[in-house]
Number of protein chains: 2
Amino acid sequence: MAEPPRGRARRRDPEAARTIRDVADRAGVSTATVSRVVNGNYPVAASTRAAVERAMRELGYVANAHARALAGSTTRVVGIVVNEIVDPFFAYIARGVQSEATASGRLCLVCSTQGDEAAELRFVDLLLEQRADAVILVGGAVEDQDYFATIGQRAKQLAKNGSSLVLCGRPGLESGVPAYAVDYDNTGGAAAITDHLLSVGHTKILYLGGPTMLSTTTARVRGFRQAYAARKLEHDPALVRTGAFGRQWGYDQTLRALDEGPEFTAIFAANDIVAAGAYTALRERGLSIPGDISVVGYDDVPVAVELQPALTTVRVPLEELGRAAVRAGVSGQEPNADPFAHQQQVTTLGTVVVVRDSVAPPGRR
Amino acid sequence: MAEPPRGRARRRDPEAARTIRDVADRAGVSTATVSRVVNGNYPVAASTRAAVERAMRELGYVANAHARALAGSTTRVVGIVVNEIVDPFFAYIARGVQSEATASGRLCLVCSTQGDEAAELRFVDLLLEQRADAVILVGGAVEDQDYFATIGQRAKQLAKNGSSLVLCGRPGLESGVPAYAVDYDNTGGAAAITDHLLSVGHTKILYLGGPTMLSTTTARVRGFRQAYAARKLEHDPALVRTGAFGRQWGYDQTLRALDEGPEFTAIFAANDIVAAGAYTALRERGLSIPGDISVVGYDDVPVAVELQPALTTVRVPLEELGRAAVRAGVSGQEPNADPFAHQQQVTTLGTVVVVRDSVAPPGRR
DNA sequence: TTGAAAGCGCTAACAA
DNA sequence: TTGTTAGCGCTTTCAA
């Protein structure tokens with residue numbers, strides 16, 4: 001390897017990346033002009049433009065996004081923090097975020113905490129450093145005092161740095177905190193599918209799953225009870241088993257519920273994955289679905305159709321949720337939008353029951 | 001809204017983001033010193049350090065990643081381009097990329113093309129602008145002349161800009177092009193699971209799925225044939241049906257294969273999703289698995305255990321693949337590593353057959 | 001151990 | 001229509 005040339009002329013390393021200066025020199029214009037043709041937001045004479053474009057092509061010029069972010073104001077990047085990217089619930093939301101980000105010419109920084117709560121905050125701080133146009137926090141979090149204080153503080157810091165915080169599938173913060181919230185209708189969806197079960201004759205329904213302290217769980221259990229109330233039916237509180245999501249959890253708890261009672265004829269699983277666990281447990285006990293026990297889920301992720309029998313569940317517009325989150329988060333960046341006008345705006349999307357084969361009227365037993 | 005203060009003192013907007021200058025002023029040191037304590041890579045007197053840290057805390061200082069990327073050299077970001085983030089195959093690889101990126105203090109830009117081929121290149125260009133430390137391209141691409149030319153060109157451009165290109169689950173480029181390749185053993189895995197089928201007595205096996213022009217497909221079909229050859233068995237070429245991945249495709253083609261012949265007693269589905277489609281088709285025709293037809297898949301994604309009967313398949317170390325990709329891509333960035341030493345280094349990971357319940361000796365029919 | 005100062009590559013007034 | 005010129009916020013010699 002030869003030493004790099006050290007003459008006073010200081011010729012650029014021909015292997016090095018090209019800058020706007022190189023393009024300007026080669027095209028015989030100023031860097032401002034190059035900037036204008038790159039951004040196309042300012043009139044440039046056709047001949048000049050052609051010369052610049054030619055120079056860019058010949059040099060293989062690639063703009064530096066960081067220099068651009070530093071000099072300009074928007075970074076054209078949105079960040080999303082999820083619990084687990086391989087979980088279809090999050091994956092579909094991420095897909096929506098992706099597609100809306102792409103549609104608005106942005107890239108998407110995806111952070112997956114793998115269930116590590118502290119990681120969420122660390123990622124938010126990293127996204128803060130990145131000056132992401134929007135930071136989208138998806139799904140459940142332990143909603144204690146600490147959480148609200150910390151997230152509220154981060155929301156302010158994000159706002160100060162020109163980013164906006166979007167809470168997706170989790171409740172909004174106190175008013176006055178600059179954050180958006182987009183969520184779907186947990187209570188309504190839960191009430192609807194519970195009523196579906198009630199309408200075919202089930203009254204002893206086991207509600208199964210979801211972290212107990214999670215607002216999503218609270219909202220769904222509320223819907224579950226509302227459906228009973230609407231039909232003037234009583235529900236045994238012992239038939240509500242919350243604690244976690246997950247296939248294994250669904251499996252274990254179904255077995256325990258079967259052993260410990262009280263008796264039930266149907267299961268409302270907090271999501272489709274929990275339902276999958278319940279299926280296995282039921283099958284192991286020789287119980288048929290829906291002959292002996294009916295099962296419904298929530299979310300309508302792809303596994304719902306692979307289960308035998310195919311699972312009746314609540315379809316949640318996950319992709320749309322992701323898209324709405326991006327829209328909310330970057331709206332403040334659009335020209336003549338008052339960022340504060342939308343503060344604490346809460347968007348709620350509807351859900352729909354998808355009837356498949358896992359529900360039948362209660363039978364023998 | 002009051003006008004911003006216009007006095008000569010030019011006091012900063014108290015709402016604006018804090019910079020290293022603000023911290024330096026408040027701590028009564030220079031920006032260089034602040035930079036040193038932030039990066040902790042240089043000796044700073046304990047008392048000075050404390051003062052700076054205090055100032056940072058009081059001001060709520062957050063470093064600007066773009067300024068840092070511009071002034072420094074590494075961006076601490078890796079980019080990954082996948083076909084479809086909700087597909088578990090890609091999701092697991094993305095998870096591996098995530099975790100390795102996080103472990104090395106990096107963030108992860110995830111781009112999902114949604115099957116749009118042209119989008120891949122667009123994303124690569126965007127990642128080029130971002131000066132991502134590594135750009136990881138995952139999964140199949142149409143490997144024609146054009147592809148090799150274009151990707152080769154991008155690889156060089158990436159290298160020029162200090163990024164490296166990693167091909168993950170796809171073949172490497174010609175030697176001399178600065179790109180890494182990490183892949184898993186398609187041929188070996190396919191041979192192993194085919195032999196599993198052969199060993200219980202199947203000889204008429206339908207190979208089903210995978211884009212015909214894809215190197216992954218080619219490699220698996222090669223393994224499939226090798227297994228036959230190893231046992232000195234003949235295979236009917238009419239029993240190889242390639243074309244696409246996907247549940248629907250698997251379903252349609254199983255039906256067609258059943259109708260059009262030749263006869264077969266087992267199906268080797270190119271991946272678990274295709275197998276899921278085959279399951280549905282078989283069930284619709286009243287064929288039992290594995291009584292009438294045995295089925296095996298590839299990848300071992302979660303759906304494999306939800307299928308009834310649980311699917312025997314080839315476990316691919318998807319997460320490890322993602323991790324290996326990041327390691328390969330950022331290795332050039334590590335101190336005293338000669339980036340060219342690793343050029344075109346190809347890493348191949350092993351696979352293993354997971355036996356479940358979807359294979360039995362061939363029966364009646 | 002610390003500071004001064006020169007950039008990194010780009011955008012956006014402001015002038016011409 | 002184009003050029004000049006300040007920065008944007010940080011890192012990194014080079015001096016002190």
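The sequence lines fix the lettering, A, B, ..., with proteins before strands; numbering per chain opens at 1.
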Give a yes/no on whether any side-chain N or O of [X] is located under 4.0 angstrom from OP1 or OP2 of [N].
X: Tyr42(B); N: dG3(C); value: no
X: Asn64(B); N: dC8(D); value: no
X: Arg21(B); N: dG9(D); value: no
X: Thr33(A); N: dT2(D); value: no
X: Ser35(B); N: dC10(D); value: no
X: Ser30(B); N: dA4(C); value: no

How do Val44(B) and Gly72(B) order along DNA chain C: which one's closest nucleotide is nearer the 5' end?
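First, find each residue's nearest nucleotide; the 5'-ward one identifies Val44(B).
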
So does Arg36(B) reach the base of dG3(C) with its side chain, donor to acceptor, closer than 3.5 Å?
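Side chain to base: pair present.
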
Looking only at N and O atoms, is any donor in the side chain of Arg18(B) or the base of dG9(D) less than 3.5 Å from an acceptor on the other one?
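Absent.
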
Send over the distance from [X] [atom1] to [N] [atom2], rounded to a whole Å.
X: Arg68(A); N: dA12(C); atom1: CZ; atom2: C1'; answer: 14 Å
X: Asp25(A); N: dT4(D); atom1: CG; atom2: C1'; answer: 15 Å
X: Glu129(B); N: dG9(C); atom1: CD; atom2: C1'; answer: 13 Å
X: His66(B); N: dG9(C); atom1: NE2; atom2: C1'; answer: 14 Å
X: Asp22(B); N: dG9(D); atom1: CG; atom2: P; answer: 9 Å
X: Ile20(A); N: dT4(D); atom1: CD1; atom2: C1'; answer: 14 Å
X: Asn41(A); N: dT11(C); atom1: CG; atom2: P; answer: 9 Å
X: Arg131(B); N: dC8(C); atom1: CZ; atom2: P; answer: 14 Å

From C-beta outward on [X], which listed nucleotide comes closest to its side chain: [options]?
X: Thr19(B); options: dG9(C), dT1(C), dC10(D); answer: dC10(D)
X: Ala71(A); options: dT2(C), dG7(D), dT2(D); answer: dG7(D)
X: Pro43(B); options: dT2(D), dG9(C), dT1(C); answer: dT1(C)
X: Thr31(A); options: dC10(C), dT11(C), dC10(D); answer: dT11(C)
X: Ala67(B); options: dT11(C), dC10(D), dC8(C); answer: dC10(D)
X: Val29(A); options: dG3(D), dG9(D), dT2(C); answer: dG3(D)

As an exercise, state the distance from [atom1] of [X] to [atom2] of [Y], rounded to the nearest 0.5 Å.
X: Arg18(B); Y: Tyr61(B); atom1: CZ; atom2: OH; result: 12.5 Å
X: Arg106(B); Y: Leu109(A); atom1: CZ; atom2: CG; result: 14.0 Å
X: Arg76(A); Y: Gln130(B); atom1: CZ; atom2: CD; result: 11.5 Å

Side chain Glu174(B), main chain Phe148(B), donor-acceptor under 3.5 Å:
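Side chain of Glu174(B) to backbone of Phe148(B): no pair is present.
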
Select base, sugar-phosphate, or nothing to describe what Ala69(A) touches, counting heavy atoms under 4.0 Å on all strands.
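Touches nothing.
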
Counting the atoms with a prime plus P, OP1 and OP2 as sugar-phosphate, which does Ala45(B) contact under 4.0 Å by heavy atoms, base, sugar-phosphate, or nothing?
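Sugar-phosphate contact only.
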
Basic-acidic side-chain contact under 4.0 Å: Arg57(A), Glu53(A)
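No, no charged N to carboxylate O under 4.0 Å.
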
Ion pair present between Arg21(B) and Asp25(B), side-chain N to carboxylate O less than 4.0 angstrom?
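Looking at Arg21(B) and Asp25(B), the cut-off is met.
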
